[in-house]
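To start, the structure under review is shown below, and the notes come after it.
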Amino acid sequence: MKTIPVKLILRFMVYYGLFVLILHAIFQVVLSVENKKSQINFLFQKLKEEASILKNYYKPLIAQSDKRKLQLETIKITEKTNLQVTIVNPNGEVIATTESSSHRKNFEPEFAQAIKRGEGKAIRRDPSQKTTIIHYTLPIEEDNKVLALLRISMPIDRLRISTVRIIGWVIYIFSLLFGGVVIFYKLTSPINTIVNALQQIKSGQFPGRSFIKRKDEIGVLNNLVNEINETMQTLINSFNADKEELKSLISTLNVGLVVIDDKGKIVMNNENFKRVVRIDDVVGRYYWEVLPDPQFENFMQELNENRAITQELVYGERVYLVAGNLIKNFPAKKNIVIFNDITDIKKLSEMKSEFVVNASHELKTPLTSIKGSVEALKESATKSQMPFIKIMERNIERVIKIIDDLLLLASLEERRDEKLEFEQINLTSLLRYLKKLFAGKLQEKNVKLKINIAPEAKSIYGDAFLIEEMLINLLDNAIKYNIKGGKITIETIRQNDTIVITVEDTGIGIPQDKLPKIFERFYVVDKARSRVTGGTGLGLAIVKHIVLKHEGEINVTSEIGKGTKFVIKLPQNR
């Protein structure tokens, strides 16, 4: 527990004492100067009154010109008043005086002042008496003529400080210092209590409420600290509870979770991640020490660039779907990576794909044989047999189309990690070819096909076979689900480095609640209509696969009775 340092208390006492002493000294100096001036003025006034009285007394004596009598009278006056008297004529000659001859001068400045101004004043140090003498001079006149100059003087003794006064000063100073200490203690004691409480809060210890019964700012501060203490305690308890809950939640996840800081060190993980890397102690170690895999290293580099990424990772004998997210809201950025073991799902998917491929190949051979037999029967069939033969022929074609689509989907999935055969594709030539290819179906349903190709969007870089297959499926659907006398519009434009292909029809449309499902395998909006038109439910699934293989995106909007619009965005160059 920290308290206010003793040095701070001593420093405050010294500063306070010096401040009081200096302030008082200044006050005393000012007071002494003013008091001295006041005393001197008082003495001059007193001497003036005495001089005025003596002036009238000396005037007849000076007129008699009897120096001996004048001297005797001066001595008598000095004995009665304790004043020193000097009388000089206008020429500076001393007529009578009670001063010692060693300090007489022929003509002092105050005599000249008296002649000129009507009075003279002077304060001089007397070395022989070691005291200061104050002098006041008045002229003695008759008929505007100066007969003599009368000067009366008296000493000003230096003030001596008595012992009682010294003791009074000591008591006064001690009282000031003691008062300062008391005041300082009264001020700092509650502050010290508040500081101690804040120090405990800072160290994670939450003290009880401190009761300082004051209504001033310190009381307000104490109440605020108490509120902060209670709030922090509540927050910390809530945080610890959330932390424990989060740990429990993370530990129960069926996926491996690891948190990596911006330096590459692991700061958190769960038990499933330990099973992934087969290491027990991973916290504090670098991720490349725990999981030394080039694929994961590339994954982390791409994660730091893109903030969010998901990809498959083969580690050991297991396959993981690894999802990463870069979070910058922490004091330092963190990477959260989740390892989802999809080994069994992958094996099941591969088994399904293998089964589909094998089954498709096994079915295609007898179907081809049956199709040949139906065509042979068709040549020798009677008129009553032809409807049945046409039904057989239509269903065989439908099954063959399903098998072809399944084989194409399987081929796209098998080539997931293989590069496509990219080349420059002339969209103008391709769309004209497709228009001729579907000319019969367009004419049969009386549907008009309009093609608008922007000059800057005449070509695209991609796999020619897959791009053609994509457009065939979209155009085939646009014809199948269009109305008689309807319209299909295909447009291409360029947006930055992207080619936007739009296929829009005026057909029956798709309900809004079914739009998210149309790219699923074997999903058909209207099964009865699909059986009539020969739809397999695989066309749009193939389209989506092709778009994703080209790192593009596809969106669809539709309105019942007004038509459907597919918008495909593909990179123009690579």
Side-chain angles (χ1 to χ4, degrees), residues 351-414 433-447 449 465-466 468-486 488 503 505 507-510 514 517-546 564:
M351 289 173 62
K352 286 171 63 179
S353 297
E354 187 177 350
F355 171 77
V356 169
V357 172
N358 292 335
S360 298
H361 281 296
E362 291 296 326
L363 288 171
K364 194 167 185 179
T365 300
L367 282 173
T368 303
S369 177
I370 293 172
K371 181 180 179 181
S373 300
V374 169
E375 289 176 352
L377 287 172
K378 189 177 180 180
E379 293 178 358
S380 59
T382 62
K383 190 175 182 180
S384 61
Q385 293 174 336
M386 284 303 294
F388 300 102
I389 292 175
K390 286 183 179 180
I391 292 172
M392 293 172 61
E393 193 175 38
R394 186 173 64 251
N395 282 284
I396 289 171
E397 288 292 338
R398 187 167 180 266
V399 174
I400 291 175
K401 181 68 169 64
I402 291 174
I403 291 172
D404 288 339
D405 287 345
L406 286 172
L407 289 173
L408 179 57
L409 272 174
S411 175
L412 289 171
E413 290 177 349
E414 286 177 2
Y433 163 74
L434 294 178
K435 188 174 183 178
K436 292 180 181 178
L437 182 66
F438 286 93
K441 290 186 177 181
L442 290 168
Q443 186 176 3
E444 180 182 348
K445 211 164 184 179
N446 192 24
V447 174
L449 174 60
F465 171 76
L466 294 181
E468 180 180 332
E469 188 68 26
M470 176 188 75
L471 292 173
I472 286 174
N473 278 284
L474 289 173
L475 189 54
D476 186 49
N477 280 348
I479 296 172
K480 283 179 182 177
Y481 300 103
N482 215 322
I483 59 174
K484 288 188 176 182
I488 299 172
V503 179
D505 63 59
I508 59 175
I510 304 171
K514 295 183 178 180
K517 300 179 181 180
I518 62 173
F519 294 107
E520 297 176 5
R521 295 182 187 184
F522 299 108
Y523 184 81
V524 289
V525 177
D526 188 342
K527 294 182 180 180
R529 187 181 183 91
S530 182
R531 281 192 291 269
V532 174
T533 58
T536 64
L538 294 170
L540 291 180
I542 293 172
V543 169
K544 185 173 182 179
H545 269 75
I546 293 172
T564 304

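For clarity, every value in this text was computed on a predicted model and none was experimentally measured.
Annotation: the span from Glu444 atom CD to Lys484 atom NZ amounts to 8.5 Å, rounded to 0.5 Å. Taken from CG in Leu466 to CG in Leu471, the straight-line distance is 11.0 Å, to the nearest 0.5 Å.
Taking Ile472 as the reference, Leu434, Leu437, Phe438, Glu468 meet the side-chain contact (heavy atoms from CB on, under 4.5 Å) condition, with sequence neighbours excluded. Qualifying side chain to side chain donor-acceptor pair (under 3.5 Å) partners for Asn477, counting only residues two or more places apart in sequence or in other chains: none. A search for side-chain contact (heavy atoms from CB on, under 4.5 Å) contacts involving Ser384 returns Thr382, not counting sequence neighbours. The side chain to side chain donor-acceptor pair (under 3.5 Å) test applied to Lys441 returns Asp476, not counting sequence neighbours.
Taking every heavy atom of both residues into account, Lys480 and Lys445 meet most closely at O-NZ, 2.6 Å. Nearest approach of Ile518 to Ile510, heavy atoms of both residues: CG2-CG2, 4.2 Å. Residues Ile542 and Glu469 share a closest heavy-atom pair of CG2-CG, 4.3 Å.
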Item to complete: Walk me through it: do Leu540 and Asn473 pass the test side-chain contact (heavy atoms from CB on, under 4.5 Å)?
Response: CA-CA 7 Å; Leu540 291 180; Asn473 278 284; over 6 Å; no
Practice prompt. Please report the C-alpha distance between Leu449 and Leu475 in whole Å, then the side-chain angles of each, then the deciding distance to 0.1 Å, and finally whether the side-chain contact (heavy atoms from CB on, under 4.5 Å) criterion is met.
Written response: CA-CA 10 Å; Leu449 174 60; Leu475 189 54; 4.1 Å; yes
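Contact of the Ile488 side chain with the Ile479 side chain is registered, since non-hydrogen atoms from C-beta on lie closer than 4.5 Å.
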